[in-house]
Amino acid sequence: MIDIKKIREDFPILKREVNGKPLVYFDNAATSQTPQQVIDVIVDYYSNYNANIHRGVHTLSQEATDVYEQARKKIQEHFNAAKSHEIIFTSGTTHSINLVANGFSAILKKGDEIIVSALEHHSNIVPWQMLCERTGAILKVIPMNLDGELLMNQYHSLLSTKTKLVFTNHVSNALGTVNPIEEIIASAHKVGAAVLIDGAQAAPHIKADMQALNVDFYTVSGHKVCGPTGTGMLYGKEEWLNKLPPYQGGGEMIAEVTFEETTYAELPHKFEAGTPNICGGIAFGAALDYMNAIDFNAIAAYEHELLQYATQQLLAIEGLKIYGTAKNKTSVISFNIEGLHPYDIGSILDKLGIAVRTGHHCAQPIMDFFKIPGTVRASFSFYNTKEEIDSLVEAVKRAKAMLL
Ligand SMILES: *Cc1c(COP(=O)(O)O)cnc(C)c1O
């Protein structure tokens, strides 16, 4: 059981008002809020040991380097990676995916195939399209059913020895579907393909185990797990990270530079050119500490309760349709009301202090599949309450009465 009252005390932003109403923050799938414990870590960094890392002999630089590397270890332990240098600090999932896609442009050949799911975020589609353009590789798509679940039979028939890479998200940000990544990974490996899992939307709800999954690449954004924006990680198996060329050139990522030749630094530095978001990386580690102190199983159980409650209450509204009805889903509800545009509903909800997302959620192909321009998306976190869901339901009813 989680102590919701105590948890809410940790989040200063939850005390504010919006348009004269108490804030109800239901846009957690876009970014999570930050607890005081993480804010304190950020303030402490800039107040006490702000310095550039890995290069200075002076005390502040040593301290910053130590704490930054401790954060890498925390992330390694959280995701149960075998080695800490398999954790690359990035600015987020988008950066992580582009790093891998860029690396594979040196590996793929014309006619090679890469498979992507129909449930992807644009950041897990566009880099692969760019990769195909550069290499002549072919993009294949795993289709989905009306519940928003991938058609696994079709996936199996797409796989062949031509398949070099498979990419899917762990959890869909638009619909909340939890994909059967264990099966996706094992089947891809049978034909010798590598697998990248976009874990941006899973990380706030599910503690993924890199070694048990035997996944090749896994990406996370710090700002969706109570950390700051501009932080994230790429997990990569050592053998893959050694095979890929560096993404960006610059300081930090070299062993030796002359005008004739440059040799690259060891992992993880090979992929960490330039001065990183030092404070951000440290705060990302602190955010995982915060969530682990609450306990991921308790978080998942409570969020599931919120999901079930909200689903029931919202479905009681006539004309309301929920998109994404997979058996296995996280606390995301995408919906529309017949005859109304999602944007208009979202605007009225905002007037009532309720923050939701409206639009295509960076997943236009999913909206095209359902033949809709977008949805209203309410996404719940462990710091939300049933009372807030009641406010949402009342507000949706009000919006409907005003607009129809
Ligand atoms: C948020 C999200 C992304 C993009 O993450 P950034 O932090 O914006 O780089 C990618 N995929 C999924 C599933 C997401 O939810």
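Read the numbers this way: they start at 1 and go in the same order the structure lists the ligands and their atoms.
Closest to atom 10 (C) of ligand 1 among all protein heavy atoms lies S123 OG, 3.1 Å. If you check which protein heavy atom lies closest to atom 8 (O) of ligand 1, you get T94 OG1, 3.8 Å.
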Show your reasoning for whether side-chain hydrogen bond (donor to acceptor under 3.5 Å, both in side chains) applies to N80 and Y235. CA-CA 10 Å; N80 194 29; Y235 161 80; over 6 Å; no
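Side-chain N or O atoms of K207 include none that pairs as donor or acceptor with a backbone N or O of P204 at under 3.5 Å.
Evaluated by nearest non-hydrogen atom to atom 1 (C) of ligand 1, the leading choice among K224, H223, E120 is K224.
E388 and S391 are not linked by any side-chain donor-acceptor pair at a separation below 3.5 angstrom, with hydrogens and angles left out of the test. Side-chain N/O atoms of N384 and Y25 include no donor and acceptor closer than 3.5 Å. Of the N and O atoms on the side chains of S334 and T375, at least one donor lies less than 3.5 Å from an acceptor on the other residue.
Set against the non-hydrogen atoms of T93, the atoms of ligand 1 under 4.0 Å away are 5 (O), 9 (O), 10 (C). Close approach of ligand 1 to S221 (heavy-atom distance below 4.0 Å) involves ligand atoms 5 (O), 6 (P), 7 (O), 9 (O).
Here D198 has side-chain heavy atoms under 4.0 Å from ligand 1, and that is the only part of it that gets that close.
A 6.0 Å sphere centred on CD of E318 holds no more than 12 heavy atoms belonging to other residues, nucleotides or ligands.
Any N or O atom pair closer than 3.5 Å counts here, and H95 shares no such pair with ligand 1.
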